[in-house]
Structures are given as C-alpha cells and as structure tokens.
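A short worksheet on the structure shown next.
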Amino acid sequence: MGGVSGAVHVADRAERVPKQDRSRATRQRLLEAAVACLAEHGWAGSTVSVVAERAGVSRGAAQHHFPTREDLFTAAVEYVAEERSGALRALFPEGAGPGDRQAVVAALVDLYTGPLFRAALHLWVAASNEEQLRDRVTELEARVGRETHRIAVDLLGADESRPGARETVQGLLDMARGLGLANLLTDDTARRERVVEQWARLLDGALDGPPDGPPDRHRG
C-alpha cells in the first residue's frame, strides 16, 4: 500500500509541475501581448479579448490570471518596468566606470524611446481619465521611478552627498523621458545622439568636478 501511495504522490507532483509551467507560460504570453497591444492600439483598442486573441488563449484563461482589465494592464506595465531594469543591468553586469558614462546615458535614454515606454505612456494617459486605474498606476510609477533612479546613480557612479548630484541624475532621467515623448511622432535618432553626447560631458563635470560650495561672502 505504501508503495502505491508513494507512486501516486510522485505522479501528482509530476502532473502539477507541467501545469505550473503552462500557467507561467500563459501569464507571460498575456503580459507580452498586453504590452504590444498598448503600444500599437492604445488603451481604447486594448481589450482583454484583443489581448487574449493575440496571446493565443481564451478570454476565460486570461481572466483566470487577471480578473479585470486594470489587473492585466498594470501587471503588464510592471512587467515592462522589470524588463527595462533588467536590460539596463545586463548591459553593465560588472558595473560601469567613468569611461562608460556616455554608454550609460545612451542606455538610459533607450529605456524611454522604445515600445516598452510607448506602452507605459498609453497606460498613463488612460490613468489620467480612469479613477480606478489612477492610484494603481501612480503607485507603480513611483516605485519604477525610484528603482530607475537608483540604477542610474549606481551606473553613473554618482555621489549623492555632493551638492546637486541627485538633481543632476534626476534631470538626466527627465530629459530622457522628454526625448521618448519627442520620438513618438518622428524618428529623433540623429538629434538624440547629439543630446546624449552633450549630457555625458555635462555629467563628467557635474559628478567628477570640484563640488560647488556656498558662495564666498568675503570675496571681492
């Protein structure tokens, strides 16, 4: 009896593992499809049915993983944020040195100029008009912003105890977001490359140069 019981438990575990794998795969397909739909069709054109069809699953399967439309798309943008952070880290697995600063700036800008940012932007626009979505997206974006800032500080080698260093890094991220917005309508690659070069030079001076101290009141 014990042998039969043990064999049943082993078979149950063997059956559960593939089911878990299939469930994770389905969830992943739904998130990827939601991101693609947001980027291509915006909020209005991205229903659960459209996403489910694109992912190759039934609407019921989609709602099993994400009971509401808001659940699906906030999870999709969170997935986007994790992918963006992971991609940025992967570019500099050993960290970045002063000589890599322009490459770091370019990588940060790339976070805001691709389809992942475009998808997030559509969700922001929807959240500005959808009360039930606004709090969730605001909370998510605050967390994403803190994580992106922390990664940028690490990769740029910024010492935030220096006056103005934190604001300089935040200004870079704000600039990158603006370049992403400009890129929505036209291909802004050429101008963006020149801006990246200039920002790298500015960062060298702001983060590596002598710290700005308070004005000398006795001078002159």
Would you name the heavy atoms of [X] and [Y] that are closest together and state the gap between them?
{"X": "Thr113", "Y": "Gly180", "result": "CG2-CA, 3.8 Å"}
{"X": "Ala165", "Y": "Asp159", "result": "CB-O, 3.2 Å"}
{"X": "Ala206", "Y": "Arg162", "result": "O-NH2, 3.3 Å"}
{"X": "Ala62", "Y": "Val48", "result": "CB-CG1, 4.0 Å"}
{"X": "Ser49", "Y": "Arg59", "result": "OG-NH1, 2.7 Å"}

Side chains of Thr138 and Asp135: do they bring a donor and an acceptor to under 3.5 Å?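 No pair is found: no donor N or O on one side chain lies under 3.5 Å from an acceptor on the other.
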Side chains of Glu40 and His122: is there a donor and an acceptor less than 3.5 Å apart?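 There is no such pair between these side chains.
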Measuring from atom [atom1] of [X] to atom [atom2] of [Y], what distance do you get when rounded to the nearest 0.5 angstrom?
{"X": "Glu193", "Y": "Glu197", "atom1": "CD", "atom2": "CD", "result": "7.5 Å"}
{"X": "Thr168", "Y": "Leu202", "atom1": "OG1", "atom2": "CG", "result": "9.0 Å"}
{"X": "Gln63", "Y": "Arg69", "atom1": "CD", "atom2": "CZ", "result": "12.5 Å"}
{"X": "Leu172", "Y": "Leu156", "atom1": "CG", "atom2": "CG", "result": "6.5 Å"}
{"X": "Glu53", "Y": "Cys37", "atom1": "CD", "atom2": "SG", "result": "9.0 Å"}
{"X": "Leu133", "Y": "Trp43", "atom1": "CG", "atom2": "CH2", "result": "5.0 Å"}

Among Leu38, Val80, Leu184, find the residue that satisfies the side chain to side chain contact (heavy atoms under 4.5 Å, CB included) test when tested with Arg118.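 Single side chain to side chain contact (heavy atoms under 4.5 Å, CB included) partner of Arg118 among Leu38, Val80, Leu184: Leu184.
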Among Leu30, Leu72, Asp71, exactly one meets side chain to side chain contact (heavy atoms under 4.5 Å, CB included) together with His65. Which residue is that?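 Running side chain to side chain contact (heavy atoms under 4.5 Å, CB included) over Leu30, Leu72, Asp71 with His65 returns exactly one hit, Leu30.
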Can you check side chain to side chain contact (heavy atoms under 4.5 Å, CB included) on Leu173 and Gln170, steps first, answer last? CA-CA 5 Å; Leu173 296 176; Gln170 191 58 54; 4.1 Å; yes
What verdict does the side chain to side chain contact (heavy atoms under 4.5 Å, CB included) test give for Leu179 and Arg191, after you've listed the backbone C-alpha separation in whole Å, the side-chain angles of each residue and the deciding distance to 0.1 Å? CA-CA 9 Å; Leu179 289 176; Arg191 185 176 71 90; 4.0 Å; yes
Show the numbers, then the answer: is there a salt bridge (charged side-chain N to carboxylate O under 4.0 Å, His left out) between Arg29 and Glu32? CA-CA 5 Å; Arg29 290 203 306 274; Glu32 291 172 353; over 6 Å; no
Around atom [atom1] of [X], are there more than 12 heavy atoms of other residues, nucleotides or ligands at under 6.0 Å?
{"X": "Arg27", "atom1": "CZ", "result": "no"}
{"X": "Glu160", "atom1": "CD", "result": "yes"}
{"X": "Glu70", "atom1": "CD", "result": "yes"}

Within 45° of the axis and under 6.0 Å from the centre of the six-membered ring of Trp124, does NZ or CZ of Arg134 qualify?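 So Arg134 doesn't make the cation-pi contact.
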Can you find a pair of side-chain heavy atoms, one from [X] and one from [Y], that are under 4.5 Å apart?
{"X": "Phe73", "Y": "Phe66", "value": "no"}
{"X": "Val105", "Y": "Leu108", "value": "no"}
{"X": "His149", "Y": "Arg146", "value": "no"}

Joint cluster assignment, Leu123 & Val50, ILVMFWY side-chain distance < 4.5 Å: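 Leu123 and Val50: separate clusters.
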Would you call Arg143 and Glu78 a salt bridge, taking side-chain N to carboxylate O under 4.0 Å as the test?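 Yes, this pair counts.
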Got a salt bridge between Asp204 and Arg201, using NZ or NE/NH1/NH2 to carboxylate O under 4.0 Å?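 So Asp204 does not pair with Arg201 through a salt bridge.
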With no hydrogens and no angle check, is any side-chain donor or acceptor of Ser46 less than 3.5 Å from a backbone partner on His41?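 The answer is no, because no donor-acceptor pair under 3.5 Å joins these two groups.
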Go through the steps for Leu121 and Leu181 under the test side chain to side chain contact (heavy atoms under 4.5 Å, CB included), then give the verdict. CA-CA 9 Å; Leu121 181 61; Leu181 291 171; 3.7 Å; yes
Could you go through the salt bridge (charged side-chain N to carboxylate O under 4.0 Å, His left out) check for Arg177 and Asp174 one step at a time? CA-CA 5 Å; Arg177 188 178 297 109; Asp174 290 342; 3.0 Å; yes
Give the intermediate values and the outcome of salt bridge (charged side-chain N to carboxylate O under 4.0 Å, His left out) for residues Arg192 and Asp110. CA-CA 10 Å; Arg192 191 164 66 245; Asp110 285 346; 5.0 Å; no
So Val51 and Thr47, side chain to side chain contact (heavy atoms under 4.5 Å, CB included) or not? Walk me through it. CA-CA 6 Å; Val51 172; Thr47 64; over 6 Å; no
